[in-house]
Amino acid sequence: MTGTSVLNQTHLLLPAKEPIQSPEFHLSLKEQECLSLLKRCKSVRELKQIHVQILKIGLLGDSFCAGNLVATCALSDWGSMDYACSIFRHVKEPQTFLFNTMMRGHVKDGNWGQALILYFDMLKSGVEPDNFTYPVLLKACARLSATEEGMQIHGHTSKLGLQGDLFVQNSLINMYGKCGKIELACAVFDQMDQKSVASWGAIIAAHASLGMWWECLVLFGDMNREGCWRAEESTLVSVLSACTHLRVFDMGRCTHGSLLRNFSGFNVIVETSLIDMYVKCGCLEKGLCLFHNMAKRNQLSFSVIISGLAMHGHGRKALEVFSKMLEEGLLPDDVVYVGVLSACSHAGLVDEGLQCFNRMKFEHGIQPTVQHYGCLVDLLGRAGWVRAAFELIESMPIRPNDVIWRSLLSACRIHGDMELGEIAARNLMQSNSRNPGDYVVLSNMYAKAQKWDDFARVRTEMVSKGLVQTPGFSMVEVQRKVFKFVSHDMSHPQCDGVNEMIHQMEWQLRFDGYVPDTSQVLLDVDEEEKRERLKYHSQKLAIAFALIHTSQGSPVRIVRNLRMCSDCHTYTKFISVIYGREITVRDRNQFHHFKDGTCSCRDYW
DNA sequence: ATAGGGTTAG
């Protein structure tokens, strides 16, 4: 159709089908022509011709025609908001539909503020908004986190009697969620007579964005219970994220199942969240498998797999994946570098870590944050460069936080540096973190050095501050139930069997050359007593329980609150080979995979 | 007669 005006093509002037004549609305023939033309319009150039034609037949003042002209221009893929604005400016008496359309256009282009301004213009010129006005407008408020305007607009919807409109309610939930006003979002949600899938999606997303993971899962349960089981993909991603943060593997796997059943072909976001879930819940293999089968990977996909490999002690592999990421032309950000540096620190790759740190600053222009310094302090400290770690803390341009002092303290404990350990501990005790673990570590250092006076002084100080030593516990999943074992606590209902098993295991292990390592039992008691204490560490109770209640050869997964002692580490290596089990243990920040008598951390942790 | 809610992950 080059060169000829669309309006010359007579077939375009015919309406597509017989117009429906309703008693309320009667379209003149000209209006019908106009509408039919606009429906076929495919470019701005054609639109301009139609615009001229409308001017010629004197319909510009007609709100209906102007509205549709603007709608076509503002909302189609090829449209231009600039042109829509110029048409809009020439309409003498714009009406609701025209304002709504203009607002939609602005929102579509990401000009959230413009949409708000237009709304207030609309009110000023006395045009009454309707139920179509608010969802668009509230989306703009949500994107701007404009709480005040959002609340004001909420008021307007009530005044107009729109509080019962499902779309308006869902938009309100979303708006309050994005503004961080969770109680207001819940208030709207709770008052709804009918909830749609999107209502549940909006309230779940609102909780997810605030990190209220537990509430997310509860709401998801409520949603299913109320017969609303067809959750949207995005909602399942929020649920998956909650599972990851709470490390509830079972629920995570179920969510993966729902995704498989209800959606075909996952997008990058779904796949990345799945990988993160599997990796953080201990299934590195599954995460890697998903990662390798991804059709498309982005910065975040690499980010989760790198920090996952780090968490599981595969430092070299993490660095390999990092190089691959760079090869694929993806730029790392600060989070990726946290993963890379922690990979180096978990694997003891000191030179590589320092190299990466410089690369981050000079090649990729990323300002190191306190987290990056934290990784570096950890890297140096664990590797035995305690003094260098301390000097780094003193020279860094950011104020060190508790995490940094704690990692120095931990390094001092491992390498027996009392002087720096005391400095680190003093900094921790002066801050208001009130972490009993810090007192315990320092006092244990004194115990190890046989300084029993200092030991007593620190313990007394801890008690006088009202702090209680956190008891060590291990949790194990058996037949979809979680069982918790506390060190030396034999009050568990299944403990009879466990006690027997503990003895049986000990005999087996001794027979194969296991020697209890009592060096970490910091009590002023004899060797025999120390060995007795070691026997009932929570991890051993949990392993015994799992060996009794799971079938031969099935993997054992344990989660614990504190770092394991070196004896439990050795012990578990023996168990993995003697009982032919793969045992995964997660402590606060990393995983140990015991298999065939070795651990994935290669004894560096 | 035309039009409306969600892009979720590290």
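None of the values given here were measured: they were computed from a predicted structure. By convention in this document, chain letters (A, B, ...) are assigned in the order of the sequence lines, proteins followed by strands, and residues within each chain are numbered from 1.
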Note to self: With a cut-off of less than 4.0 Å, is there a side-chain N or O of A/Lys280 near OP1 or OP2 of B/dA9?
What the structure shows: no
Check: What is the nucleic acid contact for A/Val335, judged by heavy atoms within less than 4.0 Å: base, sugar-phosphate only, or nothing?
Finding: base
Item checked: Parallel, tilted or perpendicular: ring planes of A/His312 versus A/Phe591, cut at 30 and 60 degrees -> parallel
Next item on the list: Name the nucleic acid region contacted by A/Ala198, choosing base, sugar-phosphate or nothing; use a 4.0 angstrom heavy-atom cut-off, strictly under.
Entry: base
Margin query: Taking any heavy-atom pair under 4.0 Å as a contact, classify A/Ser273: base, sugar-phosphate, or nothing.
Written below: sugar-phosphate
Margin query: What's A/Lys39 touching, base or sugar-phosphate or nothing? Going by heavy atoms closer than 4.0 Å.
Written below: nothing
Item checked: Distance-only donor-acceptor test (3.5 Å): side chain A/Asn68, base B/dA1 -> no
Checklist line | With A/Tyr83 via side chain to side chain contact (heavy atoms under 4.5 Å, CB included) - residues at least two apart | finding: A/Val44, A/Leu47, A/Lys48, A/His51, A/Cys73, A/Ser80, A/Ser86, A/Ile87
Next item on the list: Starting from P on B/dG4, measure out to CG on A/Leu162 and report it in whole angstrom.
Entry: 17 Å
Check: Whole-Å distance between B/dG6 P and A/Ile269 CD1?
Finding: 15 Å
Checklist line | Nearest-Å distance for atom pair CZ/P, residues A/Phe302 and B/dA9 | finding: 20 Å
Checklist line | Aromatic-base stack, A/Phe132 on B/dG4, cutoff 5.5 Å, angle under 30 | finding: no
Notebook entry, point to check: If you check every side-chain atom of A/Arg104, which of B/dA3, B/dA9, B/dT8 has the closest atom?
Noted result: B/dA3
Notebook entry, point to check: Does OP1 or OP2 of B/dA9 have a side-chain N or O of A/His245 closer than 4.0 Å?
Noted result: no
Next item on the list: Just call it for A/Asp130: base, sugar-phosphate, or nothing, with non-hydrogen atoms closer than 4.0 Å on any strand.
Entry: base
Next item on the list: Could you check which of B/dT2, B/dA9, B/dG10 has an atom nearest any side-chain atom of A/Phe97?
Entry: B/dT2
Item checked: Qualifying ring pair (Phe, Tyr, Trp, His ring centres under 6.0 Å) pairs with a residue from residues 220-247 of chain A, counting only residues at least two apart or across chains -> A/Trp213-A/His245
Check: When the distance from CG of A/Leu290 to P of B/dG10 is rounded to whole Å, what number comes out?
Finding: 16 Å
Next item on the list: Please state how far atom CG in A/Asn298 lies from atom P in B/dT8, giving the value in whole angstrom units.
Entry: 13 Å
Note to self: Within the 4.0 Å heavy-atom criterion, would you say A/Ser171 contacts the bases, only the backbone, or no part of the nucleic acid?
What the structure shows: sugar-phosphate
Item checked: Side chain of A/Asp165 (C-beta onward), nearest among B/dA9, B/dG4, B/dG6 -> B/dG4
Notebook entry, point to check: Is A/Asn100 side chain donor-acceptor paired with the B/dG4 base, going by distance under 3.5 Å alone?
Noted result: no
Next item on the list: For A/Ser209, answer base if it contacts any base atom (sugar-phosphate contacts may also be present), sugar-phosphate if it contacts only those atoms, and nothing otherwise; contact means non-hydrogen atoms under 4.0 Å.
Entry: nothing
Next item on the list: For B/dA3, take OP1 and OP2 only and decide whether either is under 4.0 Å from a side-chain N or O of A/Thr96.
Entry: no
Item checked: Any A/Gln169 side-chain heavy atom under 4.5 Å of A/Asp193 side chain -> no
Next item on the list: Take the protein atom CG of A/Asn131 and the nucleotide atom P of B/dT2, then report the distance between them rounded to whole Å.
Entry: 15 Å
Margin query: Are A/Glu226 and A/Trp200 packed together at the side-chain level, in the sense that at least one heavy-atom pair is separated by less than 4.5 angstrom?
Written below: yes
Next item on the list: Would you classify A/Thr244 as touching base, sugar-phosphate or nothing, given that sugar-phosphate means primed atoms plus P, OP1 and OP2, and contacts are heavy atoms under 4.0 Å?
Entry: nothing
Checklist line | Length of the line joining A/Leu236:CG and B/dA9:P, which is rounded to integer Å | finding: 13 Å
Notebook entry, point to check: A/Phe266 CZ to B/dT8 C1': how many Å, rounded?
Noted result: 14 Å
Check: If you look at every strand shown and take non-hydrogen atoms under 4.0 Å, does A/Val270 touch a base, only sugar-phosphate, or nothing?
Finding: nothing
Checklist line | Electrostatic pair A/Glu352-A/Arg316, nearest N-O below 4.0 angstrom | finding: yes
Next item on the list: Have a look at A/Thr101 and say if it touches a base, only the backbone sugar-phosphate, or nothing, with a 4.0 Å heavy-atom cut-off.
Entry: nothing
Next item on the list: Would you please indicate if the ring centroids of A/Phe302 and A/Phe291 are separated by under 6.0 Å?
Entry: yes
Next item on the list: Just compare B/dT8, B/dG6, B/dG10 and give me whichever is closest to any side-chain atom of A/Glu232.
Entry: B/dG6
Note to self: By nearest atom, which of the nucleotides B/dG6, B/dG10, B/dG4 is closest to the A/Val336 side chain?
What the structure shows: B/dG10
